[in-house]
Structures are given as C-alpha cells and as structure tokens.
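Everything quoted here is computed from the prediction, not taken from an experiment.
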Amino acid sequence: LLVVWTVVRPRYEASVISERLTSVQQLQMYAVENLDRTIAGWSDATRFIASQVKERPKDGEIILRTMMTLHPEIIQIKINSSKLSDELSSQNTSYPTANVQVKDDAWVMSKIDTLLQIAWLNDTLPHQQFFVMRTRFQVQNIPFVLTIVWDAIKLT
C-alpha cells in the first residue's frame with residue numbers, strides 16, 4: 001500500500017493532469033481556429049458586398065437582401081456616403097433593430113485588408129454582442145462606406 005501511495009499514485013495523477021491539459025489545449029486551438037475562419041469568412045462577405053455594389057450600384061437593395069439570406073448572422077447592413085443625404089439600409093427581421101454606434105477609437109484595422117475596419121461591441125442591456133465591419137469603396141467617384149453588423153454571440 002505504501003508503494004502504491006508513494007510511487008503509483010503520483011505518476012497516475014501526473015498522467016491524468018497531463019492528459020486533461022492536452023485536451024484543454026486542443027479545445028482552445030480548435031476554438032481559435034474556428035473563430036479565425038468565421039471572421040475571415042465575414043471579411044470575405046463584406047468585401048464581396050462592396051464589390052457587387054460597386055459593379056452594380058442600381059441593384060444595391062437586391063444585393064443586400066440576397067447577402068442577408070445567405071448569411072443569417074448579419075443583423076444589419078448600411079451603405080452611406082458623406083456626399084449624399086440618403087443611405088441604403090437593410091435590417092434582418094430575425095433580430096431586433098440594432099442602433100449600433102461605434103466610437104472612432106473602437107475601430108481596428110484589419111491585417112487582411114487595409115480598407116477593412118472591425119470592432120467588437122458588447123451591449124450589456126440585451127446581452128448581445130456585435131461584430132461590426134466597415135469598408136470604403138467608390139462608385140462613380142463618390143466615396144461610400146459599407147457597414148455590416150454581425151451577431152457575435154455565435155462567436156463566443
């Protein structure tokens with residue numbers, strides 16, 4: 001019994017702890033890789049929407065509705081310009097209307113695309129998290145800003 005208590009038990013405990021640490025590390029790596037894939041996919045979708053609106057500006061509303069159908073985690077899409085008074089906006093009816101205001105210091109430049117900016121916002125009242133992407137593009141020499149609000153709850 002003394003041999004089991006002094007030799008076997010410590011080795012068994014070390015083995016179990018090592019195995020559990022390995023499992024936790026693998027789960028963490030999987031979670032980070034999954035988050036990275038999701039954000040990269042959202043970045044691609046944001047750039048795609050901007051390119052489609054740039055190529056076919058008259059079909060803007062159709063493009064926004066189609067992208068919301070393809071990406072149900074989009075809460076809201078807005079396209080506006082400082083040179084024009086109106087804005088094109090589309091709201092996903094599966095979510096309550098989001099009035100997301102991002103402070104200038106909350107934006108982070110993407111390392112994938114220098115025109116893409118991102119912000120992660122926590123809204124404490126409805127317990128909702130937003131992942132916001134913004135990119136700039138031009139149509140007929142008029143600058144536009146595309147802002148997409150994503151449901152970040154799925155990322156956590």
Closest heavy-atom contact between [X] and [Y]?
X	Y	value
V53	I63	N-CD1, 3.9 Å
V102	A119	CG1-CB, 3.7 Å
F137	A50	CD2-CB, 3.8 Å
G60	L88	C-CD2, 3.7 Å

If Ile, Leu, Val, Met, Phe, Trp and Tyr residues are connected whenever their side-chain heavy atoms lie under 4.5 Å apart, and connections chain through other members, are [X] and [Y] in the same group?
X	Y	answer
L70	M68	yes
L27	I17	no
V139	I148	yes
I74	L35	yes
M109	L121	no

Is the number of heavy atoms from other residues, nucleotides or ligands within 6.0 Å of [atom1] ([X]) greater than 12?
X	atom1	value
Q138	CD	yes
R37	CZ	yes
E19	CD	no

Hey, could you give me the [atom1]/[atom2] distance between [X] and [Y], rounded to the nearest 0.5 Å?
X	Y	atom1	atom2	value
M67	R65	CE	CZ	14.0 Å
I118	T135	CD1	OG1	12.0 Å
S23	Q28	OG	CD	11.0 Å
L84	I79	CG	CD1	12.0 Å
R134	L146	CZ	CG	11.0 Å
Q76	L64	CD	CG	11.0 Å

Tell me every residue that passes side-chain hydrogen bond (donor to acceptor under 3.5 Å, both in side chains) with D151, counting only those two or more places apart in sequence or in another chain. Y95, K154

Taking only residues two or more places apart in sequence, or in another chain, which ones meet T38 in a side-chain hydrogen bond (donor to acceptor under 3.5 Å, both in side chains)? none

Test Q91 against I75 for side-chain contact (heavy atoms from CB on, under 4.5 Å), laying out the working first. CA-CA 6 Å; Q91 172 70 39; I75 297 173; 3.8 Å; yes

Any donor-acceptor pair under 3.5 Å from S81 side chain to P143 backbone: yes

Run the side-chain contact (heavy atoms from CB on, under 4.5 Å) test on S43 and M133 for me, step by step, so that the C-alpha distance in whole Å, both residues' side-chain angles and the decisive distance to 0.1 Å come before the verdict. CA-CA 8 Å; S43 299; M133 293 185 162; 3.2 Å; yes

Not counting sequence neighbours, list each pair that qualifies as a ring-ring contact (aromatic ring centres under 6.0 Å, His included) and has a residue in residues 30-72. W42-F131, W42-W150, H71-W150

